[in-house]
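Below is one structure, written out as structure tokens; comments come after it.
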Amino acid sequence: MVYNMTKWKRPPSLLLLLGAALIALAYMRWGLAPMAWMVPIPFLLYLEDTSGKRQLLFVLLAPCVGFTLATLKIITHPLPWYMALLFGIPIGFFHGLPLLLFALTRRWVPRRGVIHWEIFLFASLATLSEWVQYTFTPLGTWGSQADTQIGHLPLLQMISLTGISGLSFLMYWFGALAAGWFTNKRKSLKIHSAVAGLLFVGILVYGQLRIEYGTRRNTRTIAVATIATDSTVGTSKALPSDPYRQGNLDALLRRTRRAARMGAQVIVWTEAATLVLTEEEEVFLSKVSATARESAVHLVAAYVLLLERDPVKYRNAYVWIRPDGTIDHTYLKHRPVPGEPVVRGTGPSPMVVGSMGRMSGAICYDFNFPAEGRERAGAELVLLPSSDWRGIDPIHTQMAALRAIENGYSLVRSTRFGFSAAYDVYGRLLGGRSSFESHEPILLTWVPLSQVTTLYALLGDWFPALLVLFLSGLLMGRLAVVGSNAIK
């Protein structure tokens, strides 16, 4: 006996609850990656079974509930619980909006044949909504479908071609296709499903071959060290005392010299490794420059420069010092976290060129935005001073590694209150250290100094542009039909 899924009574409220639960389980901390592929299914079945204005309201609200629950998983000290609402609801909105638009436009596309254009309509709307979020809002890629697959290296290699939008589209496409099998379209979906399955296998084969043959190349390596800090600046309203700040800076300089003796050629501190007052900056720069010169290393010294006390305002910066002690450049964080009281950096991404090769840098949240990662395309190594908290350790570092795959450079992320790690151009972990699991303040890793040209780095967001063209074609077809009917 074969059970007929099309005759199963699907309570609409249960579908919405199931969708919210899948979101809560699939995203953020402790995310179950396979469940992210299934997230669209209950929502699309809900739209299939219901109609009316209440349908549109609930399909917009349910993802907001799901992402609020998912965001609660990353809310740990020092963040208050209500931050889950401030971030979860906007991210949920960008997942609910394409469902709402799909409900309004799905009847515009032809439903006959084996292609089922409405599946591509949903996948395109959902992918473009993600793209709008991480391109035009301060939310970055949090909640992205692609970020849920950070542990699957062969699959992730496709983002070197399309950026993360291509992988997100694939996941939305498969979710919509699976939803179709719970309706009366099952027979007509067989060919569509077979083609999708072959494409998926092809993507995995491409990814595995890219890793296998790419890592056989003879590449030069350099020793890169990350330096932990004892600084707790930013975790409370009280500023650290002068003796505490001086002791912390002395410890950073000692660790820097020790890392150089261990063989490090490039050394990078964490974000906000120390707090510096404006009247102290000149002395601070002279000390770190002298340390870099004595140790003959490239030193990326990240620090916070206090500008105002009430209300607090500061510069979140790093200074890049060459082995001869000269300052190559000072960089200010380009993408502050929402609510971070900083002076936002502007201008082009820096590139340090010398005997070591081509190197660049950014600060933490900058790499939640694919555009920032693409600006550093052409570099062989990118250094990323960062600062996290327990709730996003280690996923925030793993998310940043996607920028290395997209743009073809090695990445070293030095993280306060989190996971410091080095990755190669294929996203392979070369070395790592969690500040919650190790008291050793130095991570020394031999990192390939190489650059691999990727299609994404060359063409940028060509895949979202292709989806815009597809949706424009559907809209023009719809207008042509409406115009033809009007003439009749």
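These numbers come from the heavy atoms of this one structure, side chains and all, not from hydrogens, waters or symmetry mates.
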Pair His396, Trp142 - check ring-ring contact (aromatic ring centres under 6.0 Å, His included), show working. CA-CA 9 Å; His396 202 200; Trp142 285 107; 5.3 Å; yes

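- Using a 4.5 Å cut-off on side-chain heavy atoms (C-beta onward), Arg413 and Gln398 make no contact.
- Taken to the nearest 0.5 Å, the OG1 atom of Thr226 stands 4.0 Å off from the CG atom of Leu443.
- To the nearest 0.5 Å, the span separating CG on Leu161 from CD on Glu406 amounts to 11.0 Å.
- Separation of the His116 and Phe122 ring centroids does not fall under the 6.0 Å cut-off.
- Partners of Lys313 under the side chain to side chain contact (heavy atoms under 4.5 Å, CB included) rule, at least two apart in sequence or in another chain, are Glu308, Val343.
- When side chains are defined from C-beta on, Leu411 counts as touching Phe367, because their heavy atoms get closer than 4.5 Å.
- Checking side-chain atoms of Gln133 against main-chain N and O of Gly140 turns up a donor-acceptor pair under 3.5 Å.
- A donor-acceptor contact under 3.5 angstrom links the side chains of Thr141 and Asp147, judged on distance only.
- Atoms OG1 and CZ, from Thr71 and Phe87 in turn, are 9.0 Å apart once rounded to the nearest 0.5 Å.
- Residues Ile405 and Tyr426 fail the side-chain proximity criterion, which asks for heavy atoms closer than 4.5 Å.
- Using a 4.5 Å heavy-atom cutoff, the side chains of Tyr423 and Ser410 are not in contact.
- Relative to the six-membered ring of Tyr365, Arg335 misses at least one condition, a distance below 6.0 Å or an angle of at most 45° to the axis.
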Could you list the donor-acceptor pairs under 3.5 angstrom formed by side chains in residues 166-175, with sequence neighbours left out?
from: Ser168; atom 1: OG; to: Glu130; atom 2: OE1; distance (Å): 2.8
from: Ser168; atom 1: OG; to: Ala146; atom 2: N; distance (Å): 3.4
from: Ser168; atom 1: OG; to: Ile164; atom 2: O; distance (Å): 3.3
from: Tyr172; atom 1: OH; to: Glu130; atom 2: OE2; distance (Å): 2.8
from: Trp173; atom 1: NE1; to: His192; atom 2: NE2; distance (Å): 2.9

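- Between Tyr318 and Tyr303, a ring centre-to-centre spacing not shorter than 6.0 Å is recorded.
- Taking Ser193 as the reference, Trp181 meet the side-chain hydrogen bond (donor to acceptor under 3.5 Å, both in side chains) condition, with sequence neighbours excluded.
- Judged by distance alone, the side chain of Gln55 and the main-chain N or O of Thr50 form a donor-acceptor pair under 3.5 Å.
- Considering only residues two or more places apart in sequence or on other chains, Arg376 meets the side-chain hydrogen bond (donor to acceptor under 3.5 Å, both in side chains) condition with Tyr331, Glu372.
- In this pair, Phe200 and Trp37 present their aromatic rings perpendicular. The plane angle is above 60°, beyond the 30 to 60° band.
- When atom types are taken as modelled, the side chain of Ser420 and the backbone of Thr415 share a donor-acceptor pair closer than 3.5 angstrom.
- Between the side chain of Glu340 and the backbone N or O of Val337 there is at least one donor-acceptor pair closer than 3.5 Å.
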Could you give me the CA-CA distance, side-chain angles and deciding distance for Ile392 and Ile395, then say whether side-chain contact (heavy atoms from CB on, under 4.5 Å) is met? CA-CA 6 Å; Ile392 56 174; Ile395 60 171; 4.3 Å; yes

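- Interatomic distance, Thr105 OG1 to Leu471 CG, rounded to the nearest 0.5 Å: 8.0 Å.
- Checking side-chain atoms of Thr162 against main-chain N and O of Ile159 turns up no donor-acceptor pair under 3.5 Å.
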List the steps, then state whether side-chain contact (heavy atoms from CB on, under 4.5 Å) holds for Arg416 with Asp388. CA-CA 6 Å; Arg416 184 179 70 143; Asp388 292 337; over 6 Å; no

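- In this structure, Leu104 and Leu56 have side chains that are in contact, with non-hydrogen atoms separated by less than 4.5 Å.
- Between the Arg315 side chain and the Val342 main chain, no donor and acceptor come within less than 3.5 Å of each other.
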Could you give me the CA-CA distance, side-chain angles and deciding distance for Asp366 and Arg403, then say whether salt bridge (Lys or Arg N to Asp or Glu O under 4.0 Å) is met? CA-CA 11 Å; Asp366 291 347; Arg403 308 289 85 81; over 6 Å; no

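- Here the closest heavy-atom approach between residue Ala457 and residue Asn407 is recorded as CB-OD1, 4.0 Å.
- Residues meeting the side-chain hydrogen bond (donor to acceptor under 3.5 Å, both in side chains) test with Thr270, sequence neighbours left out: none.
- Residues Ser434 and Asp393 bring a donor and an acceptor atom of their side chains to less than 3.5 Å of each other.
- The shortest heavy-atom contact between Leu128 and Pro464 is CD2-O, 3.6 Å.
- Here the closest heavy-atom approach between residue Ser165 and residue Tyr134 is recorded as CB-OH, 3.8 Å.
- Judged purely by atom type and a 3.5 angstrom limit, Arg344 uses its side chain to pair as donor or acceptor with the backbone of His334.
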Checking Trp131 against Phe463 for the side-chain contact (heavy atoms from CB on, under 4.5 Å) test, could you report, in this order, the C-alpha distance in whole Å, the side-chain angles of both residues, the deciding distance, and whether it holds? CA-CA 10 Å; Trp131 176 80; Phe463 191 80; over 6 Å; no

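- Looking only at distances, a side-chain donor or acceptor of Thr148 sits under 3.5 Å from a matching main-chain atom of Gln145.
- Under the 4.5 Å side-chain criterion, counting only non-hydrogen atoms from C-beta, Phe102 is in contact with Leu47.
- Scanning for salt bridge (Lys or Arg N to Asp or Glu O under 4.0 Å) contacts around Glu271 gives Lys333, with sequence neighbours left out.
- Contact detail for Ser349 and Glu375: the closest heavy-atom pair is OG-O, 3.0 Å.
- Remark: Leu86 CG to Ile91 CD1 distance equals 11.0 Å, nearest 0.5 Å.
- The backbone N or O of Ile74 lies less than 3.5 Å from a partner atom in the side chain of Trp389, making a donor-acceptor pair.
- Nearest heavy-atom pair, Gly418 versus Ser435, reported as atom, atom and distance to 0.1 Å: N-OG, 2.8 Å.
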Using the rule given for side-chain contact (heavy atoms from CB on, under 4.5 Å), can you reason through Gln208 versus Tyr213, listing the C-alpha separation, both sets of side-chain angles and the distance that settles it, and then say yes or no? CA-CA 9 Å; Gln208 195 63 56; Tyr213 289 98; over 6 Å; no

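- Both tests do not hold together for Arg433 against Phe419: distance to the six-membered ring centre under 6.0 Å, angle to the ring axis within 45°.
- Atom OG in Ser414 sits 10.5 Å away from atom CH2 in Trp269 (nearest 0.5 Å).
- Remark: the backbone N or O of Lys73 is paired with a side-chain donor or acceptor of Arg29 at under 3.5 angstrom.
- The closest side-chain heavy-atom distance from Pro63 to Val39 is not below 4.5 Å.
- His329 is listed as a side-chain neighbour of Val352, based on a closest heavy-atom distance under 4.5 Å.
- Counting only N and O atoms by type, the side chains of Arg374 and Tyr456 include a donor and acceptor under 3.5 Å apart.
- Listed here is the closest heavy atom pair of Met28 and Gly143: CE-N, 4.3 Å.
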